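Below: one structure, written as structure tokens.
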Amino acid sequence: MEIPKNYDPKITEDKWYAYWLEHKFFKSTPDEREPYTIVIPPPNVTGVLHMGHMLNNTIQDVLIRMKRMQGFNACWVPGTDHASIATEAKVVALLKEKGIKKTDLSREDFLKHAWEWKEKYGGIILKQLEKLGASCDWDRTRFTMEDDLSEAVIDVFIDLHAKGQIYRGVRMVNWDPQGLTAVSDEEVIHKEVNSKLYYVKYKIEGDNDEYITIATTRPETILGDTAVCVHPEDERYKHLKGKRVIIPMVNRAVPVIFDDYIDIEFGTGALKVTPAHDINDYNLGVKHNLEVIDTIAADGKMSPAAQFYVGEDRFAVRKKIAKDLEELGQIVKIEDIKNKVGYSERTDAVIEPRLSMQWFLKMDQVSKPALENVLNGEIKLIPEKFVNTYKHWMENVHDWCISRQLWWGQQIPAWYDSKGNTAVCKTKEEAFEKLRVKNSELKVEDIKQDEDVLDTWFSSWLWPISVFDGFKNPKGKDIEYYYPTNDLVTAPEILFFWVARMIIAGYEYRGAKPFTNVYLTGIVRDKQGRKMSKSLGNSPDPIELIEKYGADGVRVGMLLCSPAGNDLPFDESMCEQGRNFSNKIWNAFRLINGWEIDANAKQSESNKISVEWFDAKFNEQLNLIDDLYSKYRMSEALMTTYKLVWDDFCAWYLEMIKPEFVDGKSLPIDKATYDATIVFFERLLKVLHPFMPFITEEIWHLIKEREAKDCIIVAEWPKAKAGSTGIVKDFEIVMEVITNIRNIRKQKNISPKEKLQVFEKVNQGEAIKTYDSIIVKLCNLTSFEYVNQKVDGAISFVLKHAEFYVPLLQNIDVAAEKERLAKDLEYNKGFLKSVEIKLSNEKFVANAKPELIANEKKKLADAEAKIKAIEEQLIGLKN
RNA sequence: GGGAGCUUAGCUCAGCUGGUUCAGAGCAUCUGCCUUACAAGCAGAGGGUCACUGGUUCGAACCCAGUAGUUCCCACCA
């Protein structure tokens, strides 16, 4: 069978993915094994795969595959999030295209459209995850708005309300005038923008000439002003006590109030107070009992209460009113200023602080165990630096606004009668029973359910419990077996949105953490360091990348540069490196596969030692890889694996044992070496599998026929032995000798085909001849011999223990050789000197550990010997 | 405004409890090779005042202080 020179992922990837699915390797059910569980951070149901998902899910897949091979009952639960505001926005936009206005639809009709949309387009992203090789248990796929999960959300709401943790009230909230809903503090993104600071004169009541000048960035809110506030200690304004000022245009007289909230230094030290449209002003209003005039409507346009500009957008009005005030002569000056403005995370609209009736979850109590158990290490954040951020947030957390003025989501289970009584319960019937107690004339028809839905995060915070039906069936087999899950892999951006809240819910509803380790990935950026985003169009399509480089190639590319918590400056060349690596592995297979076996041939000394060496080397590196995994140092685990395969296995081991080529034909290989090589290759494939699932499975089956149950995906992870590394150390010297000889060849421009001869003069200890045959082979030598004297007419080099001579046919450039040796000599003398200084330092000898001193002494002796050898060679060259 | 982190080769990063001339890896670069597994490759080489300044120490990339630059998080200064 002809095997192509280049690995083609297109042929293998879909085939193996289908095979794994068919044989249910991703499936997990509780059994006697120890579970290893990951719940996916559910992507938005509207989402399409982007590079962030790619990274995040690759890491999860690597972890889950490794644990699966290590014998755990690995369970990776997939699913999607209903993403209320994002999805609703999308559906609204789509309807608009069809000429349908949301406001013309009933709630039911709208939801019908939304569900239709979800069924049609939702979950594309899960299909895309398959392309990357994600080994999720697809039978467990959940959706945050499916019946069971919604029910859990409702039950939790009712429960927390019963516990007094949820309350309803009119508060200043972050209002998204585009999404037409309240959002939580976490959904507001503050950005610095260039603004103008307007200085506006307000007339003092009863005095025709006196004015007070206030400074504001939001002149459009002037119409809603109900006071002017100054600092009680401010000498400039003390005389205004008890006075009133006239609001321009509307000519309303409002009081001058005094509060030490004011910063005397800012602007004029006088603040206009608009309780309806600013959180600080609102607080002042409450304190000083001020009137609230709501001049901006929900859609961000001026309301009738404003009297002017009614129906016009607040930003248009800002410009207009500035002009109008200017004409009235009430603008003193306008300054440029930088200030921070809040934007909606979802719609990017400028957030308006707005008074409205909302539901809130009290955070002070429930957050306590969640903080404690991160601080005490019960839950680990990786990297650790996030613990600080987490702590700070948890200690300063505000109550969580959980109601949203949307339809797509779980409708709040609160019921009202016409008299303002409220019942929180599951059904209208229950509500009727409850409300009737307070209102005996109540009819069922008069009961209305709260129009609002709950924040999406109010359902996703239950995810690790609800995906195992932990609410429906708290003693169920699944929840008892899989919970707490092991690792959570997610982006630091949603540490508060989601991670912190899952921890809260975990302790509240299971009395236990939801997961043990939280691995926070970096943010994928482009080469210029910009965050990848749809609007910038700087994000490559992961699916296209997969087509180009193969899933294995892209996985490797992503992981090569992704230390935990650090941003990942993505560059397509990384994937190229990944693809090249696939090809390297492929060709290693081609080489081995092409060998003929001679069952009768005796294993050569050099093959025997090669096998011994690689066995030891593999074991050493496996220990390292296991250790790196345990520390979640994925990037380094991959790099270590990469070098083990490429350098140690391919560049060294395979070259060492590769049969000679005679008469246009490769000689056969002895069976012992061949068998060992296959074992090594299989072990390497296993270690590679979590990173590169497809190519490893493909080669695994090409090596030999195997039954389904023996797929590499479920093969046993190699076990590292404690073992000695003596041979590995010895071999490092051999490698150095070989590199030196190759270097001479290169420098002297000697063709690799030309055979050389090498002599070794041992200066220290005895000659270790074990590896000589390997040197002969890898350097293409006629012989490697031992001598007692210098060899003339040869290029030489000196290692710690011995001198090496490579006689050349051509004349030796004595001057150049001298220079080279002189340089070497100088270096070694410098080294010697540094060691001598160290050893003659009394304090060093007195303070340093004895082993260290012994080591220094050995270095001294080695250096001296080496210097002597070089010097002798220099003398020799003079002839 | 508060807090946290980062700064090591052209790029992306390692560097554990201070101790091997401790300065390392991969990629990129340069040189020579189309050598029957692989040019998506092989062999070799060159790259760094460890941000800066001072301190502690026998000894500092590592510990301490300050400075500069940078990133992130939090926060209601109009």
Side-chain angles (χ1 to χ4, degrees), chain A residues 3 5-7 172 185 190 197 214-218 221 229 261-263 265-268 270-274 278-283 337 339-340 342 353 383 385-393 396 492 495-496 523 527 529 549 553 560-563 565-569 571 573-574 576-577 579-595 633 635-636 639-640 642-643 646 650-651 654-655 658 661 664-666 739 742-743 745-747 749 751-753 780 827-828 830-831 834-835 837-838 841-849 851-852 855-856 858-859 863:
Chain A
I3 297 165
K5 237 163 110 168
N6 289 334
Y7 170 66
M172 189 63 94
D185 293 346
H190 295 276
L197 186 61
I214 56 90
T216 180
T217 52
R218 301 203 57 192
T221 62
C229 186
Y261 159 76
I262 296 298
D263 175 0
E265 304 296 320
F266 188 90
T268 60
L271 169 76
K272 67 184 222 38
V273 185
T274 325
D278 184 283
I279 177 69
N280 301 302
D281 293 13
Y282 176 72
N283 292 335
I337 190 179
N339 68 339
K340 295 261 182 127
K385 65 177 179 188
F386 286 106
V387 173
N388 279 325
T389 328
Y390 181 86
K391 176 168 180 267
H392 185 259
W393 188 77
N396 296 288
L495 185 58
F496 306 133
I523 295 165
K527 270 199 231 172
Y549 302 103
L560 275 174
C561 56
S562 57
N566 268 13
D567 286 358
L568 185 158
D571 185 337
S573 68
M574 306 277 190
E576 211 174 303
Q577 194 184 348
R579 178 202 58 184
N580 294 356
F581 186 41
S582 301
N583 207 43
K584 186 71 192 176
I585 299 164
W586 182 250
N587 277 289
F589 163 69
R590 283 181 66 219
L591 175 67
I592 298 167
N593 188 56
W595 287 338
R633 302 177 81 149
S635 200
E636 287 170 69
M639 186 45 73
T640 306
Y642 178 94
K643 286 195 281 189
W646 199 308
C650 293
L654 288 180
E655 291 300 329
K658 193 158 140 184
F661 209 81
K665 223 187 133 199
S666 172
T739 305
R742 283 172 174 170
N743 198 4
R745 200 186 269 280
K746 172 87 203 303
Q747 280 173 354
N749 241 328
S751 150
K753 285 173 189 160
N780 194 22
Y827 172 87
N828 279 285
F831 175 61
S834 78
V835 179
I837 289 170
K838 209 180 256 188
N841 182 332
E842 278 172 38
K843 287 190 176 171
F844 171 72
V845 179
N847 292 325
K849 285 181 216 140
E851 310 92 84
L852 196 67
N855 197 23
E856 289 297 316
K858 188 169 173 293
K859 270 157 62 181

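These numbers come from the heavy atoms of this one structure, side chains and all, not from hydrogens, waters or symmetry mates. Being a predicted model, the structure only gives us computed values, none of them experimental. Numbers restart at 1 for each chain; the letters A, B, ... are given by sequence-line order, proteins then strands.
For the pair A:Asn593 (side chain) and A:Phe589 (backbone), a donor-acceptor distance under 3.5 Å is absent. Proximity of a side-chain donor or acceptor of A:Asn828 to a complementary backbone N or O of A:Ala863 within less than 3.5 Å is not detected. The backbone N or O of A:Ile837 sits nowhere less than 3.5 Å from a side-chain atom of A:Asn841 that would complete a donor-acceptor pair.
When each of B:rA37, B:rA78, B:rU20 is scored by its nearest atom to the side-chain atoms of A:Thr216, the top-ranked nucleotide is B:rA78. Looking at the side chain of A:Lys643, the nearest of the listed nucleotides B:rG26, B:rU20, B:rA78 is B:rG26.
Across all strands shown, B:rC33 forms a Watson-Crick or G-U wobble pair, both distances under 3.5 Å, with B:rG41. Using N1 to N3 plus N6-O4 or O6-N4 for Watson-Crick, or N1-O2 and O6-N3 for G-U wobble, each under 3.5 Å, B:rU53 pairs with B:rA65. In this structure, B:rG1 forms a base pair with B:rC74, meeting either the Watson-Crick or the G-U wobble geometry with both donor-acceptor distances under 3.5 Å. Under the Watson-Crick or G-U wobble criterion, with both distances below 3.5 Å, B:rA14 has no partner in any strand shown.
A donor-acceptor contact under 3.5 Å is formed by the side chain of A:Lys584 with the base of B:rC38. Side-chain N/O atoms of A:Gln577 and base N/O atoms of B:rA28 include no donor-acceptor pair closer than 3.5 Å. Looking at A:Lys746, its side chain comes within 3.5 Å of the base of B:rU31 through a donor and an acceptor atom.
Side-chain polar atoms of A:Lys658 and A:Ser666 form no donor-acceptor pair below 3.5 angstrom. Residues A:Asn587 and A:Arg590 bring a donor and an acceptor atom of their side chains to less than 3.5 Å of each other. Between the side chains of A:Thr389 and A:Lys391, no donor N or O sits under 3.5 Å from an acceptor N or O.
In this model, the phosphate group of B:rA75 is not approached by any side-chain N or O of A:Asn396 to a distance below 4.0 Å at OP1 or OP2. Contact between the side-chain N/O atoms of A:Asn743 and the OP1/OP2 oxygens of B:rA45 is found at a separation under 4.0 Å. Within the structure, a side-chain polar atom (N or O) of A:Trp646 is placed less than 4.0 Å from OP1 or OP2 of B:rC42. For B:rC33, neither phosphate oxygen OP1 nor OP2 lies less than 4.0 angstrom from any side-chain nitrogen or oxygen of A:Ser751. When the side-chain nitrogen and oxygen atoms of A:Tyr390 are compared with OP1 and OP2 of B:rC73, none of them lie within a distance under 4.0 Å. Taking only side-chain nitrogens and oxygens, A:Arg742 comes nearer than 4.0 Å to OP1 or OP2 of B:rG44. Residue A:Arg633 places at least one side-chain N or O closer than 4.0 Å to OP1 or OP2 of B:rG15.
In this structure, A:Asn583 atom CG and B:rG41 atom C1' are separated by 9 Å, rounded to whole Å. Taking atom CD on A:Gln747 and atom C1' on B:rA45, their separation rounds to 9 Å, with Å as the unit. The CD1 atom of A:Ile585 sits 12 Å away from the C1' atom of B:rA40 (whole-angstrom rounding). In this entry the distance linking CG of A:Leu568 with C1' of B:rC27 reads 14 Å, nearest Å. As a whole-Å value, the separation of A:Tyr261 OH from B:rC77 C1' is 5 Å. Rounding to whole angstrom units, CG of residue A:Asn6 and P of B:rA40 are separated by 8 Å. Atom P of nucleotide B:rA14 and atom CE of A:Met639 are separated by 12 Å, given to the nearest angstrom. Atom CG in A:Leu495 sits about 16 Å away from atom P in B:rC72, given to the nearest Å.
Counting non-hydrogen atoms under 4.0 angstrom, A:Ser834 reaches a base of the nucleic acid. Among the heavy atoms of the strands, none lies under 4.0 Å from A:Glu842. A:Ile279 comes within 4.0 angstrom of sugar-phosphate atoms only, judged by non-hydrogen atoms across all strands, and of no base. Using a 4.0 Å heavy-atom criterion, one finds that A:Cys650 contacts the bases of the nucleic acid, with or without backbone contacts as well. At the heavy-atom level, A:Ser573 lies nowhere under 4.0 Å from the strands shown. Within 4.0 Å (heavy atoms only), A:Trp595 reaches no atom of the nucleic acid at all. Among the heavy atoms of the strands, none lies under 4.0 Å from A:Phe589. No engagement by A:Lys272 is indicated, since no non-hydrogen atom pair under 4.0 Å with the nucleic acid exists. Residue contacts shown for A:Arg218 are absent, as no nucleic acid heavy atom lies under 4.0 Å away. Across all strands, A:Ala846 comes closer than 4.0 Å to no nucleic acid atom at all (heavy-atom distances). At a threshold of 4.0 angstrom between heavy atoms, the contacts of A:Lys838 are confined to the sugar-phosphate backbone, with no base atom among them. Within 4.0 Å of A:Asn847, counting heavy atoms only, lies at least one base atom of the nucleic acid.
Side chains of A:Tyr642 and A:Gln577 form a contact here, defined as non-hydrogen atoms less than 4.5 Å apart.
B:rG47 has its base syn relative to the sugar, with a glycosidic angle deviating from 0 by at most 90°. Applying the 90° criterion around 0 to the glycosidic angle, B:rU21 comes out syn.
A:Asn388 pairs by the side-chain contact (heavy atoms from CB on, under 4.5 Å) definition with nothing, not counting sequence neighbours.
Both A:Lys843 and A:Val835 sit near RNA chain B, but only A:Val835 has its closest nucleotide nearer the 5' end.
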